Amino acid sequence: MSVNADQVRHVARLARLALGDDEIDRMVPELNNILGWVEQLGEVDTDGVEPLTAVIDNQLRLRDDVVNDGNVRDDILKNAPDAQHGFFAVPKVIE
């Protein structure tokens with residue numbers, strides 16, 4: 001698989017990148033090299049290899065999923081410029 005200048009322009013437009021003609025000409029071989037490396041990875045024999053999520057076999061320490069309010073409302077509201085009735089008070093924006 002290879003990329004041409006028109007495809008680079010199309011991808012640049014989708015990514016909202018403003019690339020000049022000289023930049024596009026430089027990107028074509030770079031993207032082709034990247035695609036070549038990806039094709040090389042496809043040639044690697046991975047039969048019998050277990051998929052990994054990480055190199056080190058670590059188990060996550062999970063906690064019980066318990067719903068609570070955190071019991072920190074008063075601490076959080078101390079940082080608010082204006083608090084009323086246990087909530088952040090904000091200026092009215094709709095008349």
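Here, residue 1 is the first one in the sequence, and each next residue gets the next number. Just so you know, these numbers come straight off a predicted model, no measurement behind them. Computed over heavy atoms, backbone and side chain alike; hydrogens, waters and symmetry mates excluded.
Linking ILVMFWY side-chain heavy atoms closer than 4.5 Å, directly or via other members, places Leu35 and Trp37 in a single hydrophobic cluster. Leu31 and Leu19 fall within the same hydrophobic cluster, defined by Ile, Leu, Val, Met, Phe, Trp and Tyr side-chain heavy atoms under 4.5 Å apart, directly or through other members. Ile34 and Val44 sit in two unconnected hydrophobic clusters of ILVMFWY residues. Membership requires side-chain heavy atoms under 4.5 Å apart, directly or through other members.
For the atom pair CD of Glu23 and CD of Glu30, the computed distance is 11.0 Å after rounding to the nearest 0.5 Å. One finds the CZ atom of Arg13 at 12.5 Å from the CZ atom of Arg9 (value rounded to the nearest 0.5 Å). Taken from OG in Ser2 to CD in Gln7, the straight-line distance is 7.0 Å, to the nearest 0.5 Å.
At least one donor-acceptor pair under 3.5 Å links the side chain of Asp45 to the backbone N or O of Asp47.
Within 6.0 Å of atom CG in Asp64, 12 or fewer heavy atoms from other residues, nucleotides or ligands are found, so the atom counts as exposed in its surroundings.
Within the hydrophobic cluster formed by Ile, Leu, Val, Met, Phe, Trp and Tyr side chains joined at under 4.5 Å, directly or through other members, Leu77 is accompanied by Val72, Ile76, Phe88.
None of Val8, Asn4, Val3 except one satisfies the side-chain contact (heavy atoms from CB on, under 4.5 Å) rule with Asn32; the exception is Val3.
Across all non-hydrogen atoms, the minimal contact from Arg73 to Gly86 is CD-O, 3.5 Å.
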